[in-house]
Amino acid sequence: MLSGDIPPNQSIYVKNLNEKVKKEELKRSLYCLFSQYGRILDVVALKTPKLRGQAWVVFSEVTAASNAVRQMQNFPFYDKPMRVQYAKTKSDCVAKADGTFVPREKKKKQEEKAERKRRTEEAQQSANANGRNAETNGGPTPPFRQGNQGAREAEAAPNNILFIQNLPHQTTSMMLQVLFQQYPGFREVRMIEAKPGIAFVEFEDDVQSSMAMEALQGFKITPQNPMAIAYAKK
DNA sequence: AGCACA
């Protein structure tokens, strides 16, 4: 049955997600996966009984959401085919942006009190708020240089294995798989316990590895971590 | 199956 009765929305609703995946990893992986369609403003996932296995991805453009809905239908994500629809309502983060946000209030007094307290605490901390929406990420960016600018190490010749650097330490191989398996010829991700921040990704051949490198060069899993992709040294 | 914004 097509979910065709939901009008286009810049937010998408994703369900049939693997419930074993931790919330933060899930959000990051969704971010990684969907940022190929456009700028992502927010990813929302809750693990409450009612909301586990579901998530919302908020794009800055409806067209991005439309492409995602069409193209990511049944995409195998953590071993489960994801179901993607438009969200039924506007996300808070876009309501806030267009000024139509009204805080919902279905709380009893006690909860409100706690809420208020929390907010004032937040206000104090928001000195360092360089945007809690750290997802103002921008997704893939053009190549950049990092690390050994001076001491010019010889680059490995193109081959079927990619060497990834500058990954956030929370990166898991599943997260990288999610990203790289979108490209034809993907074989596997290898990470080394003792060496966080790097990974190897193998493709069937060097043409395919090069396509993935091109597409994901500089990709940011977090804003601070544009990934540096090179060919592995054999 | 399940449409929220901790």
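Sequence lines set the chain letters: A, B, ... in the order given, protein chains first and strands last, and positions in each chain run from 1.
- With rounding to whole Å, A:R104 atom CZ is found 8 Å from B:dA4 atom P.
- When the C1' atom of B:dA1 is taken as reference, atom CD of A:Q54 falls 8 Å away, rounded to whole Å.
- Put simply, NZ on A:K15 is 15 Å from C1' on B:dA4, counting in whole angstrom units.
- Between A:N16 atom CG and B:dC3 atom P there is a gap of 14 Å when expressed in whole angstrom units.
- Sorted by residue number, the members of residues 56-64 of chain A with any non-hydrogen atom under 4.0 Å from DNA chain B read A:W56.
- In terms of the salt bridge (charged side-chain N to carboxylate O under 4.0 Å, His left out) criterion, A:D79 has no residue partners (sequence neighbours excluded).
- Atoms OH (A:Y13) and P (B:dA4) sit 9 Å apart, rounded to a whole Å.
- Residue A:V21 is not grouped with residue A:L51 when hydrophobic side chains (ILVMFWY) are merged at heavy-atom distances under 4.5 angstrom, including chains of intermediate members.
- A donor atom on one side chain and an acceptor atom on the other are found under 3.5 Å apart for A:N225 and A:T222.
- When the nucleotides B:dA6, B:dA4, B:dC3 are ranked by their closest atom to the side chain of A:L46, B:dA6 comes out on top.
- Of the candidate nucleotides B:dC3, B:dA4, B:dG2, B:dG2 has the atom lying nearest to any side-chain atom of A:E19.
- Put simply, CG on A:L41 is 16 Å from C1' on B:dA4, counting in whole angstrom units.
- The listed nucleotides are B:dG2, B:dC3, B:dA4; the one nearest the side chain of A:K88 is B:dC3.
- Ionic pairing of A:E202 and A:R190 is present here: one or more N-O contacts between side-chain nitrogen and carboxylate oxygen are shorter than 4.0 angstrom.
- For the pair A:S11 and A:Y86, the minimum side-chain heavy-atom distance is 4.5 Å or more.
- Distance from the side chain of A:A87 is smallest for B:dC3 among the nucleotides B:dC3, B:dG2, B:dA6.
- A:Y78 and A:E25 form a side-chain donor-acceptor contact under 3.5 Å, judged by distance and modelled atom types alone.
- If you take CD of A:Q85 and P of B:dA1, they are 12 Å apart, rounded to a whole angstrom.
- The phosphate of B:dA4 (OP1 or OP2) has a side-chain N or O of A:K50 nearer than 4.0 angstrom.
- Atom-to-atom, CG of A:L51 to P of B:dA6 comes out at 12 Å; the value is rounded to the nearest Å.
- With hydrogens and angles left out, the side chain of A:S91 and the base of B:dA4 share a donor-acceptor pair within 3.5 Å.
- Positionally, the nearest nucleotide of DNA chain B for A:R52 lies more toward the 5' end than for the other of A:R52 and A:A45.
- The residue A:K90 sits close to a base: some heavy atom pair falls under 4.0 Å.
- By the ring pair (Phe, Tyr, Trp, His ring centres under 6.0 Å) test, A:F200 is found to be paired with A:F163, residues two or more places apart in sequence or in another chain being considered.
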